[in-house]
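Just so it is clear, the model here is predicted, and its values are computed rather than measured.
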Amino acid sequence: QVQLVESGGGLVQVGGSLRLSCAASGRTFSNYVAGWFRQAPGKEREFVATITRIVGNTYYADHAKGRFTISRDNAKNTVYLQMTNRKPEDTAVYSCAAARRIVGSSRSDDYDYWGQGTQVTVSP
């Protein structure tokens, strides 16, 4: 079992920046691919970014490219999502996830463990 706890959410103005953290416990975090997903009210969960276990190869959804950066510190068992140039449509609950796989994935079904999520609200 892997437990994931997100933090860092809150209210940010349009154009502002925010960094989310996801702390993992329970198993060796470096054995897991990590990903960030988000879900806005009334919408389905959507992929944001993913990062591989050791090398740290990354892959982003189109809406995140150029604005968001995913990174991880395996020594701290933590994955981060740095978000810049926020837009109102970025308002959502952001969740991190971990997967027992080698290659990163944009499919939520590929992930085995999920955090509870943290609310991010972008105000005009």
Going by atom type alone, with no hydrogens or angles, which donor-acceptor pairs under 3.5 Å involve a side-chain atom of residues 89-99 and a protein atom two or more places apart or on another chain?
residue	atom	partner	partner atom	Å
Asp90	OD1	Arg38	NH1	2.9
Asp90	OD1	Arg67	NH2	3.0
Asp90	OD2	Arg67	NH1	2.7
Asp90	OD2	Arg67	NH2	3.4
Asp90	OD2	Arg86	NE	3.3
Asp90	OD2	Lys87	N	2.8
Thr91	OG1	Pro88	O	3.1
Thr91	OG1	Val122	N	2.9
Tyr94	OH	Arg38	NH1	3.0
Tyr94	OH	Arg86	NH2	3.0
Tyr94	OH	Asp90	O	2.7

Polar side chain donor-acceptor pair, Asn74 to Ser30, under 3.5 angstrom: no
Is the closest side-chain heavy-atom distance between Gln116 and Val5 below 4.5 Å? no
Side-chain heavy atoms under 4.5 angstrom apart, residues restricted to Ile, Leu, Val, Met, Phe, Trp, Tyr: same cluster for Tyr80 and Leu18? no
Any donor and acceptor pair, going by atom type alone, linking the side chain of Glu6 with main-chain N or O of Cys22 inside 3.5 Å? no
To the nearest 0.5 Å, tell me how far Thr52 OG1 sits from Ile102 CD1. 10.5 Å
Taking the side chain as every heavy atom from C-beta outward, state whether Gln1 and Gln3 have any atom pair closer than 4.5 Å. yes
Exceeds 12 heavy-atom contacts within 6.0 angstrom, atom CD1 of Ile54: yes
Can you say whether the rings of Tyr59 and Phe47 are parallel (under 30°), tilted (30 to 60°) or perpendicular (over 60°)? parallel
Determine which pairs satisfy disulfide bond (SG atoms under 2.5 Å apart) with at least one residue from residues 34-92, sequence neighbours left out, and list them in order. none
Would you please indicate if the ring centroids of Trp36 and Phe68 are separated by under 6.0 Å? no
Are side-chain heavy atoms of Ile70 and Tyr60 found at a separation under 4.5 Å? yes
Holding to side-chain hydrogen bond (donor to acceptor under 3.5 Å, both in side chains), I want the full list of residues that pass it with Tyr111, two or more places apart in sequence or in another chain. Thr50
For the residue pair Leu20 and Met83, establish whether any side-chain heavy-atom pair is separated by less than 4.5 Å. yes
Check side-chain hydrogen bond (donor to acceptor under 3.5 Å, both in side chains) between Tyr32 and all other residues, then give those that pass, not counting sequence neighbours. none
Using side-chain hydrogen bond (donor to acceptor under 3.5 Å, both in side chains) as the criterion, list what pairs up with Thr121, not counting sequence neighbours. Gln119
By side-chain hydrogen bond (donor to acceptor under 3.5 Å, both in side chains) - contacts of Ser108 (at least two apart): none
Are Phe37 and Phe29 co-members of a hydrophobic cluster defined by side-chain heavy atoms under 4.5 Å apart? no
Look up atom CD1 in Ile51 and atom OG in Ser71, then write down how far apart they are to the nearest 0.5 Å. 6.0 Å
Side-chain (Asp112) to main-chain (Arg100) donor-acceptor, under 3.5 angstrom: yes
Measuring only between side-chain heavy atoms, which start at C-beta, is Val103 closer than 4.5 Å to Val33? no
